[in-house]
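Both counts, for ligands and for their atoms, begin at 1 and track the order of listing. Note that these values count all heavy atoms, side chains included, but never hydrogens, waters or copies made by symmetry.
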Amino acid sequence: MKVKKAVIPAAGLGTRFLPATKAIPKEMLPVVDKPTLQFVVEEAVNSGIEDILIILGRNKTPIEDHFDKSVELELELEKKGKDDLLRNARDIADMVNIHTIRQKEPKGLGHAVAKAESFVAGEPFAVLLGDDVVYNGEKPCLRQLIDVYEEKQASVLGVQTVKSSDVVKYGIVDGTQIEERLYTVQGLIEKPRVDEAPSNVAVLGRYVISPDIFKVLKETAPGKGGEIQITDALLTLSKQQSVYAYDFEGRRYDVGDKQGFLEATVEFALRDEALKENFRAYLKDICRKL
Ligand code: G1P
């Protein structure tokens, strides 16, 4: 079966970016001129996804507005003859079918994904986490995972190797490498201590999952942090059917972290045709002075 649907959980409070996120969802913070969530939505669209369910928390109406038609803005841009900006504003609204629901209580990522059951309606589906932005100018990260899903007809997690000091931040895979970049998953552990971690292979916010996960999620007890963890449900699933991990190609930014957010800002500015020349000169100059 083809993967046409994606779920993006966006119910987090964004406390790491306070005070900026007091009234603005963290997913709307821009890298250069684009909200981080739009990078994630574009990755899904460029990977062949046709319908996206965004799971919202409180205070998230700017997200709904961003992907909606803005009649006043379009009229104003049309009047002023700002055709490029007009096309841009229309593209955002026309990109894909966006659906939203609310996760009323923050009970964890597994709990959020469980809310997508009727949207997913028995099809394999992607999950993309908004804190992870992945740049690949040729083949989007999610497309790489969908290709694996379509070949193996089994769930696949997007992974990369991280530093030992970082394993505590991620779901960590105990796997056996079977092909270049591809592992079978034997074990999974959410945010282990370094001495508990079976490897440095971390799940980095991209999943393509069989709909069988919903039955498992119903029986998954709260885990790390007292929350229902998707990692725990995927571990149970891996005991029932094959689950793969794919070491995707691409530069991944943790935009939920200040350092990662700044790295994304600098690197996307350096990729921007209109900005790169002056910005590179500025960076060289400022680095010499520091
Ligand atoms: C979540 C997942 C974790 C995964 C990480 C990737 O954690 O629970 O397994 O490795 O995203 O960014 P969070 O960062 O939301 O705490």
*Enumerated ligand 1 atoms positioned under 4.0 Å from heavy atoms of Gly205*: 6 (C)
*Below 4.0 angstrom from a heavy atom of Gly171, which ligand 1 atoms are there? Numbered from 1 as shown, please.*
3 (C), 4 (C), 9 (O), 10 (O)
_Which residues pass the salt bridge (Lys or Arg N to Asp or Glu O under 4.0 Å) test with Lys22, not counting sequence neighbours?_
none
*Minimum heavy-atom separation for Pro140 to Glu43, with atom names?*
CB-CG, 3.9 Å
*Out of Leu234, Asp132, Val203, indicate the one that has the non-hydrogen atom closest to atom 4 (C) of ligand 1.*
Val203
*Would you please determine whether Ala202 falls within less than 4.0 Å of ligand 1 on a heavy-atom basis?*
no
*Under 4.5 Å between side-chain heavy atoms, chaining through other members, with only Ile, Leu, Val, Met, Phe, Trp and Tyr counted: pull out the rest of the cluster around Leu290, sorted by chain and number.*
Val266, Leu270, Phe279, Tyr282, Leu283, Ile286
*asked:* Are Phe125 and Phe119, when compared by the centres of their aromatic rings, separated by less than 6.0 Å?
replied: no
_Where ligand 1 meets Thr231 - atom numbers and elements under 4.0 angstrom, heavy-atom basis_ = 9 (O)
*Does the protein put a heavy atom under 4.0 Å from atom 15 (O) of ligand 1?*
no
*More than 12 foreign heavy atoms under 6.0 Å from NZ of Lys258: is that the case here?*
no
_Counting only heavy atoms, tell me which of Glu190, Lys169, Gln229, Arg252 gets closest to atom 9 (O) of ligand 1._
Glu190
_Nearest protein heavy atom with distance in Å, relative to atom 11 (O) of ligand 1_ = Leu129 CD1, 3.2 Å
_Nearest non-hydrogen protein atom, atom 13 (P) of ligand 1_ = Lys191 NZ, 3.6 Å
*Hey, is CZ on Arg280 packed in by over 12 heavy atoms from elsewhere, all under 6.0 Å?*
no
*Identify, by atom number and element, the atoms of ligand 1 in contact range of Tyr170, meaning under 4.0 Å from any of its heavy atoms.*
6 (C), 10 (O)
*Please confirm whether Phe268 and Tyr253 have ring centers closer than 6.0 angstrom.*
yes
